[in-house]
Amino acid sequence: MSTQLANSIDAGGYNFAYLDEQTKRMIRRGLLKAVAIPGYQVPFGGREMPLPYGWGTGGMQVTATVIGQDDTLKVIDQGADDTTNAVSIRRFFARTAGVKTTELTTEASVIQTRHRIPETPLQAGQILVYQVPIPDPLRFIEPREVETRTMHALQEYGVMHVKLYEDIARHGHIATTYAYPVKVNDHYVMDPSPIPKFDNPKMDDSPALQLFGAGREKRIYAVPPFTRVRSLDFEDHPFEIQRWDESCEFCGATESFLDEVITNDQGGRIYVCSDTDYCRQRQHTTPKKQEAYP
Amino acid sequence: MTTTAQTMTAVALDGLCDGFADSTHQAQQVFRRVLAAMAEPGTVHSLEPGNAPAPLSSAAYQICLALLDQETPLWLQPELASAAVVNSLRFHCGCGIAHRLDKAAFALITANGDCSLAAFNQGTFEYPDRSATVIVEVRGLDAERGENCGEERSELVLEGPGIRQQRRVRIDGFDAGWMQRLADNHALFPCGVDLILTCGNQLMALPRTTRATLIGQEH
């Protein structure tokens with residue numbers, strides 16, 4: 001018994017990956033049901049984590065539950081490995097679970113993400129864990145949980161199309177650009193978390209397992225590999241992703257999701273890849289753009 | 001006092017089998033294989049070999065150790081409910097033994113039993129996640145297509161989420177009756193039970209989303 005405890009509890013006095021075993025079992029059972037019912041939100045007994053709601057407590061609980069000693073963890077926030085949220089969460093698991101961490105998408109077995117899917121295509125066997133603020137796409141239209149549950153059960157998704165239609169009526173096109181609702185396996189309408197709609201096509205038929213955790217709302221859901229994920233649209237207003245006329249200032253990428261960066265108060269601006277690992281890999285393999293920014 | 005306690009222990013723990021030596025990491029490793037199996041139905045995953053109370057397979061026992069606790073009533077098919085199995089699971093998992101099929105969160109059955117899947121908790125349309133998970137002991141599992149398959153060794157074609165186009169598997173012990181049970185269970189979506197098939201230290205999952213047809217009887 002004492003060896004067992006010694007093995008699983010590190011010097012900090014916490015259980016392996018912070019959560020206690022009973023909580024992990026509860027979340028594990030929830031995850032299995034979530035995978036068996038793609039896109040359906042499974043309620044779970046969310047625990048308080050040592051950081052506030054909105055910082056990825058749901059994703060962290062899912063990661064803490066799936067991760068093992070042999071895993072390699074990558075954490076990204078808006079595509080970047082070096083932002084506050086990503087650094088803190090990566091350190092948290094390095095400290096509480098002692099797992100290897102990486103910034104390379106191809107090297108990671110578990111990737112926890114806030115608001116992006118890596119540009120590098122995911123591989124079979126990888127697990128992508130999303131941090132989710134509001135898991136139910138119907139919540140903004142119908143605040144009552146009892147109602148939205150019935151709507152999901154009956155596939156009563158007309159209001160979701162009305163919401164997109166209102167965009168067209170107002171702006172002439174679907175103006176929703178992130179958290180763009182998707183239909184999973186032709187049944188449940190699901191919130192893909194606040195990823196840009198640019199990333200929606202990557203969810204469809206992905207070889208990786210996608211898990212979603214919402215800490216404050218206490219919901220888990222999942223998309224198994226090779227599952228149909230379709231963005232809602234209309235025949236005459238088909239789903240489209242963002243395109244840029246510019247290319248990345250550092251690597252010259254034209255096909256990746258670009259962030260706009262203001263460089264001075266004269267209106268100067270550059271565009272850079274939001275996925276830092278993808279950008280770095282490209283900088284190694286492709287020649288840099290000629291005009292470097294001052 | 002001491003004598004009484006010892007006698008009680010001896011009676012209550014008849015046939016007790018070892019649990020995990022390192023519960024944290026072994027439970028995680030077993031879970032990850034079950035998760036991978038559930039995410040890609042029809043793939044066969046091997047667990048570390050280990051002891052199990054007769055007549056349970058090592059895989060079924062390890063899945064129970066990893067997932068069951070005081071919140072999950074377990075239903076056991078009478079053929080599997082030996083004193084060793086009941087005592088080991090109650091001791092290590094602390095799970096209650098359900099006496100009614102529809103009260104169980106998990107169930108352990110054998111493929112040759114005549115247990116109807118419809119008798120288990122199917123979940124509701126609002127909460128389909130509340131349905132049972134049924135662990136089925138089968139005589140053989142094979143993810144690859146072999147040459148000599150006997151009459152009873154049915155070859156199945158699987159389709160659904162987690163499967164790129166189609167996957168072929170052979171499950172020893174699944175007869176026409178089982179094909180009907182799988183079809184009926186699939187038709188209940190989003191309700192229905194999820195199956196984990198076990199044999200020796202191997203496992204395969206057939207969640208409710210998987211459509212299964214016998215070779216030669218497709219469409």
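These numbers come from a predicted model, not from an experiment. Chain letters run A, B, ... following the sequence lines, proteins first, then strands; residues in each count from 1.
Looking at A:H187, the atoms closer than 4.5 Å to chain B (heavy atoms on both sides) all sit in the side chain, from C-beta outward. If you measure heavy-atom distances from A:L32 to chain B, the contacts under 4.5 Å come from both the backbone and the side chain. At a 4.5 Å heavy-atom cutoff, the contact between B:A27 and chain A is made by backbone and side-chain atoms alike. Heavy-atom distances place no part of A:L154 under 4.5 Å from chain B, backbone and side chain included. Both the backbone and the side chain of B:L35 come within contact range of chain A, with heavy atoms under 4.5 Å apart. For a residue to count as touching a neighbouring chain, one of its non-hydrogen atoms must lie under 4.5 Å from one of that chain's; by this rule B:R32 touches chain A with the side chain only. A:V110 touches chain B through its side chain: at least one heavy atom from C-beta onward sits under 4.5 Å away, while N, CA, C and O do not. Interface remark: A:D71 contributes side-chain atoms only to the contact with chain B (heavy atom separation under 4.5 Å).
The interface of residues 118-130 of chain B with chain A, defined by heavy-atom distances below 4.5 Å, comprises B:F125, B:E126, B:Y127, B:P128, B:D129.
Side-chain polar atoms of B:Q28 and A:Q69 form no donor-acceptor pair below 3.5 angstrom. Side-chain atoms of A:K24 and B:T24 form no donor-acceptor pair, as typed in the model, at a separation below 3.5 Å.
A:V66 and B:F31 make their closest contact through CG1-CE2, 3.8 Å (heavy atoms, listed as atom of the first residue, atom of the second, distance).
Salt-bridge formation is not detected for the pair A:R25/B:E71: no Lys NZ or Arg NE/NH1/NH2 atom is positioned less than 4.0 Å from an Asp or Glu carboxylate oxygen.
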